[in-house]
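Below, each value reflects all heavy atoms present in this structure, side chains not excepted, and no hydrogens, waters or symmetry copies.
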Amino acid sequence: MSAATLSARRRDLALALVVTLGFGAAVSMARVLDVARPTLRAVIQDEAPYLAPETARRLALGFGGLAADWYWLNALQYVGRKIEEQARSTRLGFEQAVQLDRIKAVDPRVLVRLFDMIATLDPRFTGVYEFAAVVLPAVDVEAAIMLLEKGIRANPEEWYLHQQLAYIYWQRGDNLAAADAFRRGSRMTKARWMAYMAEKMEAKGDDPDVARAMYARMYEQAQDEQVKEWARRRLMELQSLEERRAIRGVLSAFIKAQQRCPRDWTEVTAALASAGLPVSPLGPPLDPSGAPYMLVLSPLGCDVTLHPVSTVPRG
């Protein structure tokens, strides 16, 4: 056997040993975490991680990414259970009840601790910051801001983390802070368009065009499919609000001309189509989900609303 062959075999054996030991360490850590969780539940009746984030990072022995994945799965399962609880407690359909940025059933202490644990174990796991920016502000906006700042410190070049931080401020109504987050992102990353968004935020932060640009960017760059679907639904909501505004304009023009409300959609189908609204062959205008809008007639007048089967978010 040549010296080169012997050396190669030794390298292979060493690599196999490292992989084996690494796998063993990962399994051992998972067992430690599994044992800790029931103890925690019995004491404080929640599902927050038992270990402090920094302690868990040291115990991970270089397998922080694997441990972060384990906690990430637990976080998603926790949110999933709370979504089911919230859906059962409301009269709305499941799709309407389950909106990531409106989940109130979660315990903020649990959610904050889980997200912080993941970010500490694997600071470059950017998916957790993206998900937290949508879910966390509904229960603890300050914790959401702190987590995004932590993510930016670890990943200053990732432009979408700056955008997520700007989104949190914008949702809170702090347009100046949102503009500052965008401007900082334009300086720290290659996303020069953020400087333009900063100017738009300062000038007209409540403009529908700003909201559309925000959600469109989040939809385009989302790594998590749930966040992507959430952004798509927000874009549907904005489009529907604009369509209903246009429909009300058509109804007002009909009332002014006829001194009454239309009896059904067929009386204004042509006007709706002329306004650029998608219209069913049967007459009703269609919302972004493809469901027909409902014409609401009452002694006080007429209006338009979403159909019960529509999947466009309601409020």
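Here the side chains of M194 and M188 are not in contact, with every heavy-atom distance at 4.5 Å or above. The shortest distance between side-chain heavy atoms of Q163 and W193 falls below 4.5 Å. Considering only heavy atoms from C-beta on, F182 stays 4.5 Å or farther from K200 through its side chain. A heavy-atom distance below 4.5 Å is not found between the side chains of Q226 and V79. Looking at W72 and L121, their side chains never come closer than 4.5 Å, going by heavy atoms from C-beta outward.
Remark: side-chain polar atoms of R233 are paired, donor with acceptor, to backbone N or O of T311 under 3.5 angstrom. S274 contributes a side-chain N or O that, together with a main-chain N or O of A270, makes up a donor-acceptor pair within less than 3.5 Å. A donor-acceptor contact shorter than 3.5 Å is absent between the side chain of D140 and the backbone of L136. Without hydrogens or angle criteria, E130 side chain to D224 main chain gives a donor-acceptor distance under 3.5 Å. Proximity of a side-chain donor or acceptor of N155 to a complementary backbone N or O of P123 within less than 3.5 Å is detected. For R192 (side chain) and T189 (main-chain N/O), a donor-acceptor pair under 3.5 Å exists by modelled atom type.
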(request) Apply side-chain contact (heavy atoms from CB on, under 4.5 Å) to the pair E267 and Q258, showing each step before the final yes or no. (result) CA-CA 11 Å; E267 291 194 274; Q258 303 294 327; over 6 Å; no
(request) Begin with the C-alpha distance, continue with both residues' side-chain angles, and end with the deciding distance and a verdict on side-chain contact (heavy atoms from CB on, under 4.5 Å) for W170 and N175. (result) CA-CA 5 Å; W170 173 68; N175 293 335; 3.6 Å; yes
(request) Give the intermediate values and the outcome of side-chain hydrogen bond (donor to acceptor under 3.5 Å, both in side chains) for residues Y129 and E158. (result) CA-CA 11 Å; Y129 308 115; E158 299 292 357; over 6 Å; no
(message) With side-chain contact (heavy atoms from CB on, under 4.5 Å) as the criterion, how do F254 and R260 come out once you've worked through the C-alpha distance, each side chain's angles and the decisive distance to 0.1 Å?
(response) CA-CA 8 Å; F254 182 91; R260 65 174 177 85; 3.9 Å; yes
(request) Dump the intermediate steps for side-chain contact (heavy atoms from CB on, under 4.5 Å) on Y167 and Y215, then the final yes or no. (result) CA-CA 9 Å; Y167 167 76; Y215 290 125; 3.8 Å; yes
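Of the inter-residue distances, the one linking I168 atom CD1 with D174 atom CG reads 12.0 Å to the nearest 0.5 angstrom. One distance of note links CG of L306 with CD of E243; it measures 10.0 Å at 0.5 Å rounding. Atom CD of Q239 sits about 11.0 Å away from atom CZ of R244, to the nearest 0.5 Å. If you take CZ on R263 and CG on L295, they are separated by 12.0 Å, rounding to the nearest 0.5 Å. With rounding to the nearest 0.5 Å, the separation of CD in E149 from CD1 in I145 is 8.0 Å. Separation of atoms CG (L161) and CZ (R153) is listed at 12.0 Å; rounding is to 0.5 Å.
Taking each heavy atom of L251 and P262 in turn, the nearest pair found is CD2-CG, 3.7 Å. Here the closest heavy-atom approach between residue A119 and residue L147 is recorded as CB-CD1, 4.0 Å. The two residues S289 and M236 make their nearest non-hydrogen contact at CB-CE, 3.6 Å. For the pair A68 and D122, the tightest heavy-atom approach, listed with the atom from each and the gap, is CB-CB, 3.6 Å. The two residues V112 and A143 make their nearest non-hydrogen contact at CG2-CB, 3.5 Å. For the residue pair V312 and S240, the shortest heavy atom distance occurs at CG1-CB, 3.7 Å.
Using cut-offs of 30° and 60° for the angle between ring planes, the F115 and F131 rings count as perpendicular.
For residues 247-299, the pairs satisfying disulfide (SG to SG under 2.5 Å) are C261-C302, with sequence neighbours left out.
V304 and M294 end up in different hydrophobic clusters when Ile, Leu, Val, Met, Phe, Trp and Tyr side chains are linked at under 4.5 Å. Side-chain heavy atoms closer than 4.5 Å link hydrophobic residues (I, L, V, M, F, W, Y) into clusters, and following such links, even through other members, never connects Y293 to L241. Put simply, I255 and L272 are part of two different groups of oily side chains (I, L, V, M, F, W, Y) that touch within less than 4.5 Å, one to the next. Clustering ILVMFWY residues whenever any of their side-chain heavy atoms sit less than 4.5 angstrom apart, transitively, puts L235 in the very cluster that holds M197. Clustering ILVMFWY residues whenever any of their side-chain heavy atoms sit less than 4.5 angstrom apart, transitively, puts L76 in the very cluster that holds Y71.
Using a 4.0 Å cut-off between charged side-chain N and carboxylate O, R172 and E142 make a salt bridge. Under a 4.0 Å N-O distance rule, the pair E237/R234 qualifies as a salt bridge. Salt-bridge formation is detected for the pair E157/R124: a Lys NZ or Arg NE/NH1/NH2 atom is positioned less than 4.0 Å from an Asp or Glu carboxylate oxygen. Using a cutoff of 4.0 Å between basic side-chain nitrogens and carboxylate oxygens, K150 and D116 are scored as salt-bridged.
Between the side chains of Y160 and Q164, no donor-acceptor pair of N or O atoms lies under 3.5 Å. Side-chain N/O atoms of S252 and R248 include no donor and acceptor closer than 3.5 Å.
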